[in-house]
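For reference, the structure discussed in these notes is given below.
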Amino acid sequence: MLIASPSGASAIIGKEFPGKFTHYGLRRKHSFRVWASEFPAFLPKEVENIKDQFARNLASRIEMLPVPVSWTKNHIMSSCVKPKTLSKTSPLVLLHGFDSSLLEWRYVLPLLEEAGLETWAFDVLGWGFSNLENLPPCNVASKRDHLYQFWNSYIRRPVTLVGPSLGAAVAIDFVVNYPQAVHVDKLIFIDASVYAEGTGNLAKLPKLMAYAGVYLLKSIPLRLYATSLTFNRLSWNTCVDWTNVKQKALVIWGENDQIIDSKLSVRLQCELPNAIIRQVPDCGHIPHVEKPAAVSKLITDFVQADGQVDIPAGLACLKKV
């Protein structure tokens with residue numbers, strides 16, 4: 001997993017998959033080279049050391065957009081990748097997991113664009129590459145407000161939210177707190193981390209140990225536990241059970257996920273009234289990195305299943321960005 005620290009000061013490159021994507025046609029269809037000089041100046045210098053060509057290509061497209069927020073008069077310069085074209089389906093807004101960045105989507109985003117989908121990749125407040133020099137609050141409420149203001153400033157159409165791991169919790173929180181549902185048309189969850197018991201015995205760890213694990217070990221289970229501490233004021237079980245989430249939902253799960261209990265995918269699908277579930281075989285906790293072609297097809301088929309939507313005339317300027 002390719003992630004960025006909460007301050008955006010560095011990029012961390014996880015396990016690489018040499019040659020793994022050849023049969024997906026990714027290398028054949030995307031033969032590109034991005035020089036370090038082509039990276040935006042605001043990105044940390046460590047980005048220049050990335051060897052993964054798909055990550056380099058996506059990093060070269062990152063932009064900073066000013067987003068107004070409710071807790072300050074200043075705008076938050078927020079990192080995102082804008083779509084290349086508009087489409088007649090609801091725009092996709094790709095979130096990401098805990099302590100990560102939009103670069104999680106380095107393999108899937110090009111495939112979604114090839115399928116003709118309007119795709120935004122967005123760094124959740126407090127993570128990724130957004131400018132946090134003013135030290136804004138990065139709690140649940142501020143993340144929610146930041147996402148809403150980003151939508152209201154630049155998209156202003158019903159969207160499909162795609163949330164992997166903790167990103168699923170961010171998506172559910174957004175829908176729960178904007179129940180008018182004019183903002184979210186559909187929901188897509190990937191190995192969703194929305195139940196406290198999903199981390200098992202990690203809930204017994206003291207907070208200090210959990211955060212030490214996050215900082216020193218970069219341990220995925222401990223990172224997920226630290227996530228639960230960040231979101232400890234909310235009961236995701238209550239949100240899912242007591243809120244009438246009417247949006248159609250797709251629940252994607254890696255068959256061999258060792259982080260979140262796979263039984264929770266079935267539970268989530270059952271508790272959402274309009275959800276379907278699809279399993280990705282021979283895959284762990286991050287299917288969008290491990291099996292990009294399979295995930296892209298699932299997303300594309302789900303999004304294109306319904307009718308088209310109108311594109312507001314005022315957004316015509318986004319046809320080529």
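Here the structure is a predicted model, which means the values were calculated and not measured. Computed over heavy atoms, backbone and side chain alike; hydrogens, waters and symmetry mates excluded.
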Within a strict 4.5 Å, meaning less than it, do heavy atoms of the [X] and [Y] side chains meet?
X: Phe122; Y: Leu147; value: yes
X: Ile188; Y: Val303; value: yes
X: Val280; Y: Leu298; value: yes
X: Ser165; Y: Phe98; value: no
X: Val67; Y: His146; value: yes
X: Ile286; Y: Pro164; value: no
X: Asn57; Y: Arg106; value: no
X: Ile76; Y: Phe150; value: no

When you measure from the side chain of [X] to the backbone of [Y], do you find a donor-acceptor pair of N or O atoms at a distance under 3.5 Å?
X: Arg56; Y: Glu48; answer: yes
X: Ser79; Y: Ser130; answer: yes
X: Glu104; Y: Gly97; answer: yes
X: Gln258; Y: Asn256; answer: yes
X: Asn152; Y: Tyr148; answer: no
X: His96; Y: Asp123; answer: no
X: Gln149; Y: Val69; answer: no
X: Lys143; Y: Leu125; answer: yes

Nearest atoms (heavy-atom pairs only) where [X] meets [Y]:
X: Ser193; Y: Ala169; value: O-CB, 3.6 Å
X: Leu102; Y: Cys80; value: CD2-CA, 3.7 Å
X: Val251; Y: Ala275; value: CG2-CB, 4.5 Å
X: Pro91; Y: Ile155; value: CG-CG2, 4.2 Å
X: Asp257; Y: Ile260; value: OD1-N, 3.2 Å
X: Ser100; Y: Trp127; value: O-CB, 3.5 Å

> Does a donor on one side chain and an acceptor on the other come within less than 3.5 Å for Asp145 and Ser142?
Replying inline: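 No, because no side-chain N or O of Asp145 sits under 3.5 Å from a partner of the opposite role on Ser142.
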> Using the benzene-type ring in the case of Trp, are the ring centres of Trp120 and Tyr154 under 6.0 Å apart?
Replying inline: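 Judged by ring-centre distance (under 6.0 Å), Trp120 and Tyr154 do not meet the cut-off.
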>> Check the orientation of Trp151 and His183. Use parallel for under 30°, tilted for 30 to 60°, and perpendicular for over 60°.
In response: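 The arrangement is perpendicular - the two ring planes meet at more than 60°.
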> Lys297: what forms a side-chain hydrogen bond (donor to acceptor under 3.5 Å, both in side chains) with it, not counting sequence neighbours?
Replying inline: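 Lys297 satisfies side-chain hydrogen bond (donor to acceptor under 3.5 Å, both in side chains) with Asp301 only.
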>> The test is side chain to side chain contact (heavy atoms under 4.5 Å, CB included); show your working for Leu43 and Phe129 and say whether it passes.
In response: CA-CA 7 Å; Leu43 291 181; Phe129 302 100; 3.8 Å; yes
From [atom1] ([X]) to [atom2] ([Y]), nearest 0.5 Å:
X: Leu250; Y: Gln269; atom1: CG; atom2: CD; answer: 10.0 Å
X: Lys82; Y: Ile62; atom1: NZ; atom2: CD1; answer: 13.5 Å
X: Asn49; Y: Lys51; atom1: CG; atom2: NZ; answer: 7.0 Å
X: Asp191; Y: Leu268; atom1: CG; atom2: CG; answer: 11.0 Å
X: Ile252; Y: Ile190; atom1: CD1; atom2: CD1; answer: 4.5 Å
X: Phe302; Y: Leu92; atom1: CZ; atom2: CG; answer: 10.5 Å

>> Among Leu117, Leu109, Leu111, which residue satisfies the side chain to side chain contact (heavy atoms under 4.5 Å, CB included) criterion with Ser296?
In response: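 Among Leu117, Leu109, Leu111, the one meeting side chain to side chain contact (heavy atoms under 4.5 Å, CB included) with Ser296 is Leu111.
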>> List the residues meeting ring pair (Phe, Tyr, Trp, His ring centres under 6.0 Å) with Phe189, not counting sequence neighbours, and say none if there are none.
In response: none
>> Under the criterion ring pair (Phe, Tyr, Trp, His ring centres under 6.0 Å), I'd like the reasoning laid out for Trp105 against His288: C-alpha separation, chi angles, the key distance, then a yes or no.
In response: CA-CA 7 Å; Trp105 297 101; His288 49 305; 4.6 Å; yes
>> Looking at Lys291 and Glu255, is there a salt bridge between them, counting it only when a charged N and a carboxylate O are closer than 4.0 Å?
In response: no
